[in-house]
Amino acid sequence: MIFFLFAAEAQAFCGTFVGGDGALLANTESRVVLANDGTHTTLTLAMDYRGDAADFALILPVPEILTAESVSAVDQALITRIDEWSVPREVAYTCEDVVSVSYNVGGCGAVMGCDDSNYTMVGGGTDSAEGSVTVESTFSQAGYTFVVLSAEESSGLQGWLDANGYALPAGGDAILQEYIDSGSYFLAAKVALDAAPTDGQWLPPIQLRYASTSWALPIRIGTISADGPQEVTVFALGNSSQGEVSISNYPEVSVEDECMRPATEDLGAYYADQLDAALVSEAGWVMEYSWDLTANCDPCTAATGLTPDELAALGLDDYHGHLSRMRLRYTAEQATQDVAMYGSGVLGQAEQIRYIQHADVLEGTFPVCGEGFVAEPAGTCLTPDRASVTGIAAVGAAWAPAGLLGGLTLLAALRRRRA
Amino acid sequence: MIHLLVGLPLVDVGGFRASAYDTQFNELGEEVAAGSFALYADAPVHRFRRLDLRLYTGGGLQSLRYEAPGLSFDGATWDLLAELGPAWTIGDGAVRGFAELGLGVSGRLGLPDYADAVAVFGVSGHGAVGVTFGRGPLAGVVAFRTDSVGSLASASGDILLPDGSLSWYWTASTFRAVVSAGVAFGGGPDAR
């Protein structure tokens, strides 16, 4: 029985939100799918938001001038698929799962055990220049209106944004200037929703494609509109030569898993507590999933894995690649650099966050979360049971003549020597 | 003469195998012990001009211990056999050769950890050549023999580990090449 972890309450974003009318907006969760083939990056953004406005805008630094051909819409279901496939999970085992046995007694059919685990899922412009800002391109795509800007001074950029209805919070000049100095362009996007949300919901996901030889994620700009700690779930799709993708410039931390936890406690809340404990003092990230795309999972959270078509839609054409899922958390003060990642070249990794529902009979097999193995578990699944015998049956004799043949061969050799 | 021999298998195929891997397919454990032995006894039931018809009995044990982090697995296979077949004595001196063949029935009992035992009966066969030393009521015997039991019967199991699984497999089929040594007693000439 599997339990999905639904997204816990979090703050996140790798661009920065601005309100078209200056309304207070906040992002509650971001999911970023990154695929890099060594020359090009495909960046897919799925962003949740809270706020009281129906008009939204975001600003994202990009390394080149994007056009309508390099921006597209992505079905939210695709993001949901990759999230649910790799999400931290919980499994309920019975003794039949811990010890499974199959008997084949000469085809007579005496069989016990060996049922599959019983899995159940729950939840979880214009072309003119204004001051030092140049409008490089404008286009509409996926319900958004995009403007690609270049700038020489952050004050000019801030002024352009203000003049064109992008209410960027004050205090972001220094960060904007960093991106300007590094040669970045800025993608400003607006979307008009049908109505202001009454609760958090998803903005239409967008996908950007641009030339880039490296794995990078601009999180610094997101801190301009940060509302508390920021959290981003990064899905990195590496091809077969890149393998597992990891973050290089923020520390990796680990959370305890592969242990039993009380079945009565909500998995999402429990995992959030684990993350809070692991990421209490500094920016860091947790590798939540790292598995080859063609390999099986343990246990799987969906009937089928990501298909080649789904992966291609996310920018990966190599079905023999690798999915790395990283949970990154930071505050505005801690995010001193954009996220840099690298492909390790390692395939065959098989890591996931998994918990086991506590059951007394499993104490000989799994440790208890926070406590370790029970010293002297009583009555575990591994208690030997030799009281019964399975499969009294006559068996075929296909091999039996082999001993006779061996003896006959020896006899023949002896007779030849005597002759 | 009645033969009593202890056998030490040189080749022993069958019985239990075990392995454990983590989720990255790295082997977790190792086989820390494996061994087997056999006991044989046979006696003439009818004496023809050039050969004896003998009743062959025997039994043996194959055992395995595999250890992975947090778990050890023991598998043992006991077997018994009863066969009938001819035996020839070669020579007439103090040192005499012999050759024998047998065909009969074998019972095998597999005892895996954490699971029911499994028992099967099957047809077995053997062939052997050996040497008898000395005359009189007690003589020494050494022999080389091959034993086999054929079967389609098998059993397998998986045991979940915190970071992987341990798998075991048992087959009732077996083939052994055995060096055996023992005594011949009871008097009376063997046929030749």
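All chains are named by letter (A, B, ...) in the order of the sequence lines, taking the proteins before the strands, and each is independently numbered beginning at 1. Quantities reported herein were computed from a predicted structural model and do not represent experimental measurements.
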Next on the checklist: Counting only non-hydrogen atoms closer than 4.5 Å, does B:Leu166 touch chain A with its backbone (N, CA, C, O), its side chain (CB onward), both, or neither?
Outcome noted: neither
Checklist entry - Which atom names give the shortest non-hydrogen contact between A:Tyr103 and B:Ala155, and what distance separates them? => result CD2-CB, 3.5 Å
Checklist entry - At a heavy-atom separation under 4.5 Å, does B:Trp170 approach chain A through its side chain, its backbone, both, or neither? => result neither
Item to check | Atom pair CG/OG1 of B:Leu71 and A:Thr365 - distance to nearest 0.5 Å | outcome: 7.5 Å
Checklist outcome for this item: If one checks every heavy atom of A:Glu351 against chain B at 4.5 Å, the contacting part turns out to be side chain
Next on the checklist: Take a 6.0 Å sphere around CZ of B:Arg17 and say whether it holds more than 12 heavy atoms from other residues, nucleotides or ligands.
Outcome noted: no
Next on the checklist: Measuring from atom OG1 of B:Thr171 to atom CG of A:Asn104, what distance do you get when rounded to the nearest 0.5 angstrom?
Outcome noted: 9.5 Å
Next on the checklist: Which atoms of B:Leu161 are under 4.5 Å from chain A, going by heavy atoms: the side chain, the backbone, both sets, or neither?
Outcome noted: backbone
Checklist entry - What do the steps show when you test A:Phe366 against B:Leu160 for side-chain contact (heavy atoms from CB on, under 4.5 Å), and what is the final call? => result CA-CA 9 Å; A:Phe366 295 104; B:Leu160 209 57; 3.7 Å; yes
